[in-house]
Amino acid sequence: GIQVEQSPPDLILQEGANSTLRCNFSDSVNNLQWFHQNPWGQLINLFYIPSGTKQNGRLSATTVATERYSLLYISSSQTTDSGVYFCAVDNTNAGKSTFGDGTTLTVKP
Amino acid sequence: NAGVTQTPKFRILKIGQSMTLQCTQDMNHNYMYWYRQDPGMGLKLIYYSVGAGITDKGEVPNGYNVSRSTTEDFPLRLELAAPSQTSVYFCASSYPLNTEAFFGQGTRLTVV
């Protein structure tokens with residue numbers, strides 16, 4: 001099956017700093033999502049982005065499908081951005097997503 | 001609009017017991033999924049369904065069963081619980097194909 005690698009595995013930032021999270025995948029995809037899992041375990045949809053660029057406030061994402069990677073940018077980080085960020089991709093006809101192991105972000109005040 | 005609702009939120013089972021994790025969605029989604037998340041890992045697909053009456057195995061189906069009698073409900077059954085099934089379970093739904101998936105709040109299950 002498709003392989004998903006996220007980097008870095010852990011990231012510690014000072015509040016106000018910017019960061020870039022990366023997701024590499026081993027095959028072409030028809031679906032890619034970024035999620036934030038907060039410290040209470042809830043999964044929050046950030047972006048549905050199989051290709052192109054999207055922005056939502058301080059967050060933006062870019063997927064370059066032909067080169068099989070996606071980037072999540074967090075600007076002016078806040079302590080509430082802490083948690084685990086997951087990339088999930090799908091290359092099936094049934095919407096079955098394969099998740100990466102996540103990037104754990106800690107933002108210090 | 002409640003989205004995807006899972007019950008219970010927490011449960012402790014003894015080895016060998018059985019239980020059903022409930023999942024219901026009110027978005028009229030055709031596609032529904034069950035994932036498990038072990039500590040420090042991403043989610044792994046257990047079972048999925050592309051519509052009422054249709055289910056299929058995912059990556060880690062052993063020890064689980066599902067049914068899909070209605071569009072709204074997709075219960076996950078654990079028979080003969082084992083410590084290896086200690087995990088957080090997430091239900092999700094999506095419609096139509098190639099759109100974003102929506103996740104429930106999760107069920108934290110401990111088997112002792």
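Numbered from 1 within each chain, the chains take letters A, B, ... in sequence-line order.
Taking a 6.0 Å sphere around CD1 of Ile44(A), one finds it holds more than 12 heavy atoms contributed by other residues, nucleotides or ligands. The number of heavy atoms from other shown groups lying within 6.0 Å of CD (Glu5(A)) does not exceed 12.
Leu21(B) and Leu13(B) fall within a single hydrophobic cluster, where Ile, Leu, Val, Met, Phe, Trp and Tyr are joined by side-chain heavy atoms under 4.5 Å apart, directly or via other members. Residues Tyr48(B) and Tyr35(B) share a hydrophobic cluster, clusters being chains of Ile/Leu/Val/Met/Phe/Trp/Tyr side chains in contact below 4.5 Å.
A donor-acceptor contact closer than 3.5 angstrom links the side chains of Thr53(A) and Thr62(A). No hydrogens or angles considered: nothing links the side chains of Ser97(A) and Asp90(A) as a donor-acceptor pair under 3.5 Å.
Contact residues of residues 52-80 of chain B toward chain A are absent (heavy-atom distance under 4.5 Å). Scanning residues 16-29 of chain A against chain B with a 4.5 Å heavy-atom cutoff picks out nothing at all.
Between His36(A) and Leu59(A) there is no side-chain heavy-atom pair separated by less than 4.5 Å. Looking only at side-chain heavy atoms (C-beta outward), Pro50(A) and Thr63(A) stay at 4.5 Å or farther from each other.
Taking each heavy atom of Gly41(A) and Phe90(B) in turn, the nearest pair found is O-CZ, 3.4 Å. Gln14(A) approaches Ser77(A) most closely through the heavy-atom pair O-OG, 3.5 Å.
At a 4.5 Å heavy-atom cutoff, Phe47(A) makes no contact with chain B through either its backbone or its side chain. The contact between Asn45(A) and chain B is made entirely by side chain atoms (from C-beta outward), counting heavy-atom distances below 4.5 Å. In this structure, the portions of Leu43(B) lying under 4.5 Å from any heavy atom of chain A include both its backbone and its side chain. For Val50(B), the part lying under 4.5 angstrom from a heavy atom of chain A is the side chain only.
In the hydrophobic clustering, Trp40(A) connects to no other residue, as no ILVMFWY side-chain heavy atoms lie under 4.5 Å from its own. In the hydrophobic clustering, Phe10(B) connects to no other residue, as no ILVMFWY side-chain heavy atoms lie under 4.5 Å from its own.
Between chain B and the residues Gln42(A), Gln33(A), Gln6(A), the most heavy-atom pairs under 4.5 angstrom are made by Gln33(A).
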